[in-house]
A.B. asks: 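Have a look at this one before I ask anything.
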Amino acid sequence: MLICRRIAELDRALSDWRRAGESVGLVTTMGALHAGHMALVAAARADHARVVATIFVNPTQFGDPKDLETYPRTEAEDLAMLKAAGVDAVLIPDASEIYPEGDETIVETTRLAGLFHGAVRPGHFRGVATVVCKLLNIAGPDAAYFGEKDYQQLAVIRRMVTDLHMKVRIVGVPTVREADGLAMSSRNVRLTPEDRSAAPVLSRALEAAAGERDVAAMEATIRRVVGEEPRATLKGLDIVRADTFTPAEGPLTAPVGIMISAQFGDVLLIDQREVSP
Ligand code: AMP
């Protein structure tokens with residue numbers, strides 16, 4: 001596995017592969033890898049001759065400097081996992097190369113970025129869209145793989161790729177969970193043991209809501225289930241039409257996406273589920 005600290009090192013490998021007519025799949029990550037990330041790698045591996053992964057803790061998508069500072073960093077383990085999964089090249093760039101001196105261009109999905117999770121974390125989706133646009137331009141893959149766990153992020157990226165006529169296929173991969181239902185996340189390691197035990201309340205709430213056939217009933221069920229867990233503070237609850245990403249209401253007639261976020265101590269966790277009629 002090629003480990004590239006500079007974009008030019010990846011460029012050389014990419015041009016060899018392109019010359020040989022090989023297709024390329026891209027998985028972008030912030031490191032601290034777990035089985036969720038590896039599901040994206042496996043999906044890319046199944047579809048492409050070459051798989052490129054990136055590890056970059058993107059400063060522009062963090063609102064809180066403390067969150068950026070304390071974001072887990074486990075590079076040696078990450079590289080071992082990527083190598084074992086058959087990744088061909090990993091790019092671990094420096095922020096100064098991703099955001100070169102004088103950098104001033106941003107990418108923003110103007111409606112989507114301000115809604116839902118974006119309302120709780122101002123600037124977050126602008127940072128995400130900007131860095132994903134840069135990474136897609138750097139790697140120029142045939143397809144890029146993103147987790148459905150970050151449901152709004154996936155919608156933002158699909159919107160950006162459509163709007164900017166980017167020639168890449170975006171593939172969503174189902175959320176990978178722990179045995180007790182907790183969605184795998186690099187942030188889970190920051191939970192106290194008590195909060196870790198309480199955190200599966202999010203997936204339980206989503207499962208209970210999936211049994212309802214009306215949007216108001218889904219919301220009430222989630223508030224009730226999360227409300228029963230004193231360690232969880234519900235921060236965001238949004239139910240959107242899966243096709244338009246506009247708020248859903250009334251009886252369930254088309255697929256909807258339920259997005260929730262909740263605070264456990266100083267850790268904000270998110271979870272998501274799609275429900276079809
Ligand atoms: P991150 O390193 O948190 O930026 O995540 C990198 C990619 O992995 C994103 O596309 C995430 O949506 C995806 N991802 C993170 N957690 C999971 C999970 N539990 N299941 C599936 N994909 C995930």
Side-chain angles (χ1 to χ4, degrees), residues 25-47 51-64 67-68 70-75 77-79 81-82 85 87 90-93 95 98 112 116-118 121 124-136 139 141 143-161 168-191 196 199-200 202-203 206-207 257 259-261 267-274:
L26 176 69
V27 176
T28 62
T29 81
M30 298 205 298
L33 301 183
H34 50 65
H37 298 108
M38 301 323 287
L40 307 188
V41 170
R45 183 72 284 169
D47 291 349
V51 176
V52 175
T54 64
I55 299 176
F56 180 58
V57 183
N58 175 36
T60 67
Q61 71 189 69
F62 286 81
D64 174 4
D67 190 28
L68 172 62
T70 59
Y71 196 83
R73 287 166 172 86
T74 58
E75 190 183 293
E77 291 87 341
D78 294 349
L79 292 176
M81 286 169 79
L82 294 173
V87 167
V90 54
L91 175 66
I92 313 178
I98 296 296
L112 271 175
F116 316 130
H117 289 314
R121 304 173 71 188
H124 172 70
F125 287 116
R126 181 199 303 150
V128 168
T130 301
V131 80
V132 171
C133 182
K134 286 170 183 268
L135 294 171
L136 289 171
Y145 295 74
F146 296 89
E148 286 175 0
K149 187 194 78 138
D150 299 288
Y151 193 65
Q152 187 173 359
Q153 168 173 289
L154 182 57
V156 163
I157 291 164
R158 288 193 195 283
R159 189 73 250 164
M160 169 184 80
V161 163
V168 59
R169 189 163 61 89
I170 300 299
V171 182
V173 176
T175 302
V176 178
R177 298 178 179 280
E178 303 284 359
D180 61 7
L182 176 64
M184 288 191 184
S185 163
S186 307
R187 289 193 165 84
N188 291 350
V189 297
R190 287 174 25 195
L191 293 166
R196 172 64 189 81
L202 297 185
S203 61
L206 288 168
E207 198 177 317
M259 296 182 286
I260 52 180
S261 59
V267 182
L268 183 73
L269 296 183
I270 67 172
D271 205 347
Q272 146 285 335
R273 181 169 176 144
E274 250 183 34

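When a ligand or atom number is given, it counts from 1 through the structure's own listing order.
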A.B. asks: Just heavy atoms, cut-off under 4.0 Å: does Arg177 contact ligand 1 by side chain, backbone, both, or neither?
C.D. replies: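 Neither part.
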A.B. asks: Do me a favour and list the nearest non-hydrogen protein atom to atom 4 (O) of ligand 1 with residue, atom name and distance?
C.D. replies: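 I find the closest protein heavy atom is Met30 CG, 3.5 Å.
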A.B. asks: So is Leu33 touching ligand 1 or not, going by heavy atoms under 4.0 Å?
C.D. replies: no
A.B. asks: Is the shortest side-chain heavy-atom distance between Met30 and Phe56 below 4.5 Å?
C.D. replies: no
A.B. asks: Taking distance alone, with no angle check, do Met184 and ligand 1 share an N/O pair under 3.5 Å?
C.D. replies: yes
A.B. asks: For atom 3 (O) of ligand 1, find the nearest protein heavy atom and state the residue, atom name and distance (0.1 Å precision).
C.D. replies: Tyr71 OH, 3.8 Å
A.B. asks: May I ask you to test the Tyr145-His37 pair for a side-chain heavy-atom distance under 4.5 Å?
C.D. replies: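 Heavy-atom side-chain distance check fails, nothing below 4.5 Å.
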A.B. asks: Test your reading of the model: is there a side-chain donor-acceptor pair from Thr130 to the backbone of Gly127, 3.5 Å cut-off?
C.D. replies: no
A.B. asks: Write out the residue and atom name of the closest protein heavy atom to atom 6 (C) of ligand 1, then the distance separating them to 0.1 Å.
C.D. replies: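 Ranking protein heavy atoms by distance from atom 6 (C) of ligand 1, first comes Thr28 O, 3.3 Å.
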A.B. asks: Can you list everything that forms a side-chain contact (heavy atoms from CB on, under 4.5 Å) with Arg159? Sequence neighbours excluded, please.
C.D. replies: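 Partners of Arg159 under the side-chain contact (heavy atoms from CB on, under 4.5 Å) test: Thr109, Leu112, Thr162, Asp163.
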A.B. asks: Tell me the nearest of Leu40, Val27, Thr29 to atom 7 (C) of ligand 1, using heavy-atom distances.
C.D. replies: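 Looking at heavy atoms only, Leu40 sits closest to atom 7 (C) of ligand 1.
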A.B. asks: When you look for heavy atoms under 4.0 Å from ligand 1, do you find them on the side chain of Ala35, its backbone, both, or neither?
C.D. replies: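 Neither; nothing of Ala35 gets under 4.0 Å from ligand 1.
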A.B. asks: Examine ligand 1 and decide if any of its atoms is less than 4.0 Å from a heavy atom belonging to Pro174.
C.D. replies: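 Per 4.0 Å heavy-atom rule, Pro174 contacts ligand 1.
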A.B. asks: Are the side chains of Leu136 and Met160 in contact, using a 4.5 Å heavy-atom criterion?
C.D. replies: yes
A.B. asks: With a 4.0 Å cut-off on N to O distance, would you call Arg73 and Asp78 a salt bridge?
C.D. replies: no
A.B. asks: Taking 4.0 Å as the limit for heavy-atom contacts, which would you say applies to Lys149 with ligand 1: side chain only, backbone only, both, or neither?
C.D. replies: side chain
A.B. asks: Can you find an N/O atom of Asp150 closer than 3.5 Å to an N/O atom of ligand 1?
C.D. replies: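 Min N/O separation from ligand 1 is below 3.5 Å for Asp150.
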A.B. asks: Less than 4.5 Å apart, side chain to side chain, heavy atoms only: is that true for His124 and Phe62?
C.D. replies: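 They are not in contact (no side-chain heavy atoms under 4.5 Å apart), so the answer is no.
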A.B. asks: Do Leu26 and Val168 have side-chain heavy atoms sitting under 4.5 Å apart?
C.D. replies: no
A.B. asks: Backbone N or O of Tyr151 within a donor-acceptor pair of the Gln272 side chain at under 3.5 Å?
C.D. replies: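 Here the side-chain-to-backbone pair does not exist.
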A.B. asks: What is the closest protein heavy atom to atom 10 (O) of ligand 1, and at what distance does it sit?
C.D. replies: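 Residue, atom and distance for the closest contact: Gly147 N, 2.9 Å.
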A.B. asks: Can you name the closest pair of heavy atoms from Thr28 and Thr54 and give their distance?
C.D. replies: CA-OG1, 3.2 Å
A.B. asks: Checking the N or O distance criterion of under 3.5 Å, is ligand 1 in contact with His37?
C.D. replies: yes
A.B. asks: With nothing but distance in play, are any N or O atoms of Phe146 less than 3.5 Å from an N or O of ligand 1?
C.D. replies: no
A.B. asks: Can you tell me which residue and heavy atom of the protein come closest to atom 20 (N) of ligand 1, and the distance to 0.1 Å?
C.D. replies: Val176 N, 2.9 Å
